[in-house]
Amino acid sequence: MEVMPRFLAVSVSKKHDGSLLTEADIAAQAAFAERLPHIIDCPMLGEEMSTERQHDLWEKHSDGLWIVDPIDGTTNFINGLPHFALSVAYMQNGISQLGVIYNPISQELFYAQRGCGSYLNGQPLPLRCAPKPLSEAIAGVEVKYLRSGKLATRMYSLSPVNSRRSMGCSTLDWCYLAAGRYDVYVHGGQRLWDYAAGALIYEEAGGQLATLEGDEFWSGKHVFYRSVIAALQPDLFDRWLKWIRANQ
C-alpha cells in the first residue's frame, strides 16, 4: 500500500491551482496506473495529471476509461485527520459502470456495479433508511462551493434540516449517503474524480440525483465540474430539491 505508510510522515507541495499534493498521491496514482489495465484494459485518468492530459484522455477514450482519485481528502491526510479515501471508477460514455471507494482508516470498502446494487464490505447498502421529515435530516453540505451566495446564506439562516456536516472528503460523502449515515446532500461543484465512483455507489443504493442547474445528473454538460443535489429517500429528495430550487 502506498498511502498509509506515509500517513503523518509525508512531504507536501502545492499544485498550480493552490491545492495540496503529496508524494503519497503520486505514488498511489502510479500504482493504480500499473494495475488497473489488468482488470479492464483501458487508459486511466487521474486527478494528479495535468488538465491538458485529463481532457485529452476524456476526448479520445470516453468509450472506456478508468477515473482515479488517489487520495480524496488530501488536506485531512496531511493534517492527520483520519477522514480520506481512495476512489476508482470505470466509465463508459460519461456514465460510471464500476465504482470502488476505500477508507484505509476504518477499512471500509464501498463498491458497486451498475445494475447490481452497492455494498459495504459485502453488506448491501443502505445500512439504514428510516423515514424521517426534512427537519430531522442530517445533511452533507459543502457551503464554500455553492456558487449562489443566496443559497449559501440561506443554508445557515433558513436551513430546513436538523444538522449539517462538511468533512472534507467528497467521495466519502457519497458513501455516507449510500449507507444512510447522511440523509440529504448538496455540493456546488465536484470534480470528475470526486463523483465518478461515489455517485454510482449512491445511485445503486437507491438514491436520487439532480444538479443545481436542473440537469439529469449523468447527462449534465459539465463533466469535469458537476454540482449535485441528492437524498436517499424519495420523499426527502422531493422536499430537499424543492427547498433548494426555491432558495437559489
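Being a predicted model, the structure only gives us computed values, none of them experimental. Numbers here simply count residues along the sequence, with the first being 1.
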Closest non-hydrogen atom pair between Tyr225 and Gly189, with its separation = CE1-O, 3.3 Å
Among all residues two or more places apart in sequence or in another chain, which pass the side-chain hydrogen bond (donor to acceptor under 3.5 Å, both in side chains) test with Glu203?
-> Arg114, Trp218
Of Ile95, Leu209, Ile229, which is the lone residue that meets side-chain contact (heavy atoms from CB on, under 4.5 Å) with Phe217?
-> Leu209
Hits for ring-ring contact (aromatic ring centres under 6.0 Å, His included) against Trp240, two or more places apart or cross-chain, chain-then-number order -> none
Do the side chains of Tyr119 and Leu109 get nearer than 4.5 Å, heavy atoms only?
-> no
Excluding sequence neighbours, so at least two apart, what forms side-chain hydrogen bond (donor to acceptor under 3.5 Å, both in side chains) with Asp56?
-> Lys60
Between Trp174 and Tyr202, what is the ring plane arrangement, given parallel below 30°, perpendicular above 60°, and tilted in between?
-> tilted
Classify the ring geometry between Phe7 and Phe84 as parallel (under 30°), tilted (30 to 60°) or perpendicular (over 60°).
-> tilted
So if you build clusters from Ile, Leu, Val, Met, Phe, Trp, Tyr with side-chain heavy-atom gaps below 4.5 Å, do Leu98 and Ile39 land together?
-> yes
Using the side chain to side chain contact (heavy atoms under 4.5 Å, CB included) rule, take Ile244 and Leu241 through it: C-alpha gap first, then chi angles, then the decisive distance, then the call.
-> CA-CA 5 Å; Ile244 289 175; Leu241 181 65; 5.7 Å; no
Heavy atoms, side chains only, cut-off 4.5 Å: are Val141 and Ser166 in contact?
-> no
Partners passing side-chain hydrogen bond (donor to acceptor under 3.5 Å, both in side chains) against Ser163 (at least two apart in sequence or in another chain) = Arg165
Derivation and outcome, side chain to side chain contact (heavy atoms under 4.5 Å, CB included), residues Leu57 and Met44 | CA-CA 8 Å; Leu57 282 166; Met44 186 199 82; over 6 Å; no
With distance as the sole test, does Tyr111 use its side chain to make a donor-acceptor pair with the main-chain N or O of Ala197 at under 3.5 Å?
-> no
The side-chain hydrogen bond (donor to acceptor under 3.5 Å, both in side chains) partners of Glu213 (sequence neighbours excluded) come to Arg147, Thr211, Ser227
Do Arg53 and Leu45 touch side chain to side chain, with heavy atoms closer than 4.5 Å?
-> no
Quick one: does Tyr195's side chain get under 4.5 Å of Ile67's, heavy atoms only?
-> no
Working for salt bridge (Lys or Arg N to Asp or Glu O under 4.0 Å), residues Arg226 and Glu216 | CA-CA 11 Å; Arg226 182 167 289 172; Glu216 292 291 331; over 6 Å; no
Minimal non-hydrogen separation, Glu48 against Pro70, with atom names | CG-CG, 4.0 Å
Minimum heavy-atom distance between Gln107 and Asn121, given as atom pair plus value | O-ND2, 3.3 Å
Val184 and Val161: side chain to side chain contact (heavy atoms under 4.5 Å, CB included), yes or no, with the steps?
-> CA-CA 9 Å; Val184 299; Val161 300; 4.0 Å; yes
Is the closest side-chain heavy-atom distance between Val100 and Ser87 below 4.5 Å?
-> no
With a 3.5 Å cut-off and no angle check, do the side chains of Asp72 and Ser170 form a donor-acceptor pair?
-> no
What pairs of donor and acceptor atoms, side-chain ones from residues 130-137 against any protein atom, are under 3.5 angstrom apart with sequence neighbours left out?
residue : atom : partner : partner atom : Å
Lys132  : NZ   : Asp183  : OD2          : 3.0

Derivation and outcome, ring pair (Phe, Tyr, Trp, His ring centres under 6.0 Å), residues Tyr102 and Phe110 | CA-CA 6 Å; Tyr102 180 60; Phe110 299 85; 9.5 Å; no
Heavy-atom closest pair (Trp66 atom, Val88 atom, distance to 0.1 Å) is CE3-CG1, 3.6 Å
For Leu177, does its backbone N or O pair with a side-chain atom of Arg181 as donor and acceptor, under 3.5 Å?
-> no
Nearest 0.5 Å please: distance from the CG atom of Leu192 over to the OG atom of Ser96.
-> 7.5 Å
Please walk me through it: do Met155 and Arg164 pass side chain to side chain contact (heavy atoms under 4.5 Å, CB included)?
-> CA-CA 9 Å; Met155 193 61 69; Arg164 298 174 302 274; 4.0 Å; yes
Determine whether Ile101 and Leu200 fall in the same hydrophobic cluster, where Ile, Leu, Val, Met, Phe, Trp and Tyr are linked whenever their side-chain heavy atoms lie under 4.5 Å apart.
-> no
Backbone N or O of Ile71 within a donor-acceptor pair of the Thr74 side chain at under 3.5 Å?
-> yes
Any chance the rings of His83 and Tyr176 have centres within less than 6.0 Å?
-> yes
State whether the side chain of Asp238 and the backbone N or O of Asp235 hold a donor-acceptor pair below 3.5 Å, judged by distance alone.
-> no
In Å and rounded to the nearest 0.5 Å, what is the OG to CG distance from Ser118 to Leu125?
-> 4.0 Å
Side-chain contact, heavy-atom cut-off 4.5 Å: Tyr182 with Met167?
-> yes
For Trp193 and Asp69, which heavy atoms make the closest approach, and how far apart are they?
-> CD1-OD2, 3.5 Å
Smallest separation among heavy atoms of His187 and Leu212, with atom names | O-CD1, 4.1 Å
